[in-house]
Novice: 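What follows is a single structure, and I will ask about it in a moment.
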Amino acid sequence: MSRFSTFVNFFVTVFKIEMTYILGIETSCDETAAAVMYNGHLLSNVIATQKVHEQYGGVVPELASRAHQQNIVPVVAQALSIANISKYQVNAVAFTQGPGLLGSLLVGSSFAKAFALAYNIPLIAVNHMEAHVHAHFIEEPKPEFPFICLTVSGGHTEILLMKDYFDKELLGTTLDDAVGEAFDKAAKILGLPYPGGPMIDKLSKTGNPLKYKFPVSQVDGLNFSFSGIKTSILYFVRDNLKTYANFIQDNIADLCASIQHTLVKMLTDKLLVAVNKTGVNRVAIAGGVSANTYLRDTLQQMSKIHGWEIFIPKFEYCTDNAAMIAMSGYLKYRTGQFSSQEVVAQPSI
Ligand code: KG4
Ligand code: ZN
């Protein structure tokens, strides 16, 4: 840590000074994003979504890093401009260290390191999955600790017991695919474009969630497994196509609704076990899949039945964004958790 960071750290912790502009940068996958936060209040939140991957049915890592390289400077400039501050006013820069695609992470981490060096400000490395949870602290209502958080994205499916901002216990995780991956792979089988989750969500609205049943693998405890359902959808669709060429087109809404119902049920069944096991009935959801309307509705219903206090983030804070990185960065800034220039991007942390 530099002498400057030590100096800032000392004043921040001893005098609890609150006059902080944090620039947050997110480049873990295929969204180039930047946000500015002032004393924990969000001033701007800019996202450049990379459309280039749609035609390939998934994120192409090489193309993602190139697009980040093109987008990062204009996206940061726009975030500063919307926040109405100059780059000289930024007090600290927070960036996604990982998990994510290495080439994508390198663009954001290199940019953040150069920015911190150029303006002699602290650098803060943020864990992307932790930031998804910290998205709950951007706006009211903010959950009190302890709370259970179902963190569901394209690469992770976790049930966490959050005891404090940076004190968590992993209660359950997936043994193979993440639930977002299951949504995306199911969509691909149905011939839908990437990312599949939002498409399945949309098409499900007019479908019957109970029309088709897909066998799911039973996993003990609070862990998950999503590889079995992907295979059962594949075989089910393939078998029907043998005798009925338009099977997918004619039943797309029912297929989507039934797949979505199965995946969401797998999540919420375990969530119920987690609440019963811990006795903590404050429940939150986070990550890209928490944008799923059926999951959100199901959680609302469960909160009424079981008397849970629930926390559902705004749509813009569910999928990848830099507001959550700035938020996590701000929480680290307040507790003096800075990084040195030697910090490196970590695809799997
Ligand atoms: O958190 P996120 O944006 O990126 C990662 O950290 O992975 O999550 C992306 C995942 C993708 O698998 C995408 O299909 C899924 O979130 N997703 C959804 C919805 N919106 C995004 N899945 C189901 N329903 C949605 N509405
Ligand atoms: Zn994410």
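Note: hydrogens, waters and symmetry copies are ignored here, and every other heavy atom, side chains too, is used. This is a predicted model, so every value here is computed, not measured. Just follow the structure's listing: the first ligand is 1, and inside any ligand the first atom is 1.
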Novice: Which protein heavy atom lies closest to atom 26 (N) of ligand 1, and at what distance to 0.1 Å?
Specialist: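 It is Asp201 OD2, 2.9 Å.
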
Novice: Between Glu26 and His128, does any side-chain donor sit less than 3.5 Å from a side-chain acceptor?
Specialist: yes

Novice: Give the residue, atom name and distance (to 0.1 Å) of the protein heavy atom nearest atom 21 (C) of ligand 1.
Specialist: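 Among all protein heavy atoms, the one nearest atom 21 (C) of ligand 1 is Gly288 O, 3.4 Å.
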
Novice: Is any protein N, O or S atom closer than 2.8 Å to the Zn ion (ligand 2), and if so, which?
Specialist: His128 NE2, His132 NE2, Asp320 OD1

Novice: Check the hydrophobic clustering (I, L, V, M, F, W, Y; side-chain heavy atoms under 4.5 Å; chains of links allowed) and say if Ile25 and Tyr38 are grouped together.
Specialist: yes

Novice: Can you tell which of Thr298, Val283, Leu222 makes a side chain to side chain contact (heavy atoms under 4.5 Å, CB included) with Leu271?
Specialist: Val283

Novice: Side chain to side chain donor-acceptor pair (under 3.5 Å) for Thr293 and Asp201? Distances and angles first, verdict last.
Specialist: CA-CA 7 Å; Thr293 48; Asp201 190 350; 2.5 Å; yes

Novice: With no hydrogens and no angle check, just 3.5 Å: does a side-chain donor-acceptor pair link Thr27 and His68?
Specialist: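 Distance-only check fails for Thr27 and His68.
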
Novice: Check ligand 1 against Gly180 and write out every atom of the ligand that is under 4.0 Å from a heavy-atom position of the residue.
Specialist: 12 (O)

Novice: Answer yes or no on whether Arg296 is positioned over the face of Phe315, meaning its NZ or CZ is under 6.0 Å from the six-membered ring centre and within 45° of the axis.
Specialist: yes

Novice: Just go through Asp30, Val289, Asn321, Asn292 and tell me whose heavy atom is the nearest to atom 15 (C) of ligand 1.
Specialist: Val289

Novice: Kindly give the heavy-atom pair with the smallest separation between Ser232 and Pro215, and that separation in Å.
Specialist: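 Heavy-atom minimum between the residues: OG-O, 3.5 Å.
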
Novice: Provide the number and element of each atom of ligand 1 under 4.0 Å from a heavy atom of Gly154.
Specialist: 5 (C), 7 (O), 8 (O), 9 (C), 10 (C), 12 (O)

Novice: What atoms of ligand 1 come closer than 4.0 angstrom to any heavy atom of Gly155?
Specialist: 7 (O)

Novice: For ligand 1, which atoms, with element, lie under 4.0 Å from some heavy atom of His128?
Specialist: 6 (O)

Novice: Can you tell me which residue and heavy atom of the protein come closest to atom 2 (P) of ligand 1, and the distance to 0.1 Å?
Specialist: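 Of every protein heavy atom, Asp320 OD1, 3.2 Å lies nearest to atom 2 (P) of ligand 1.
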
Novice: Just to confirm my output: which protein heavy-atom neighbour is closest to atom 14 (O) of ligand 1, and how far is it?
Specialist: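 Nearest protein contact, heavy atoms only, for atom 14 (O) of ligand 1 is Asp184 OD1, 2.6 Å.
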
Novice: So, Glu158 and Thr151: side-chain donor and acceptor under 3.5 Å apart, yes or no?
Specialist: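 Thr151 and Glu158 do not have a side-chain donor-acceptor pair below 3.5 Å.
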
Novice: Do Asn276 and His306 have side-chain N/O donor and acceptor atoms under 3.5 Å apart?
Specialist: no

Novice: With atoms numbered from 1 as shown, which atoms in ligand 1 lie under 4.0 angstrom from a non-hydrogen atom of His132?
Specialist: 1 (O), 6 (O)

Novice: Below 4.0 angstrom, N of the basic side chain to O of the carboxylate: do Lys168 and Glu130 qualify?
Specialist: yes

Novice: Should you measure from each heavy atom of Gly197, which atoms of ligand 1 turn up under 4.0 Å away?
Specialist: 14 (O), 18 (C), 19 (C), 22 (N), 23 (C), 24 (N), 25 (C)

Novice: Heavy-atom distances under 4.0 Å decide this one: backbone, side chain, both or neither, for Thr319 against ligand 1?
Specialist: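 Answer for Thr319: both.
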
Novice: Are more than 12 heavy atoms, taken from residues, nucleotides or ligands other than Gln249, located less than 6.0 Å from that residue's CD atom?
Specialist: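 Counting neighbours around CD of Gln249, more than 12 heavy atoms of other residues, nucleotides or ligands fall under 6.0 Å, so yes.
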
Novice: The criterion is salt bridge (Lys or Arg N to Asp or Glu O under 4.0 Å); which residues satisfy it with Lys113, sequence neighbours excluded?
Specialist: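 Applying salt bridge (Lys or Arg N to Asp or Glu O under 4.0 Å) to Lys113 gives none.
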
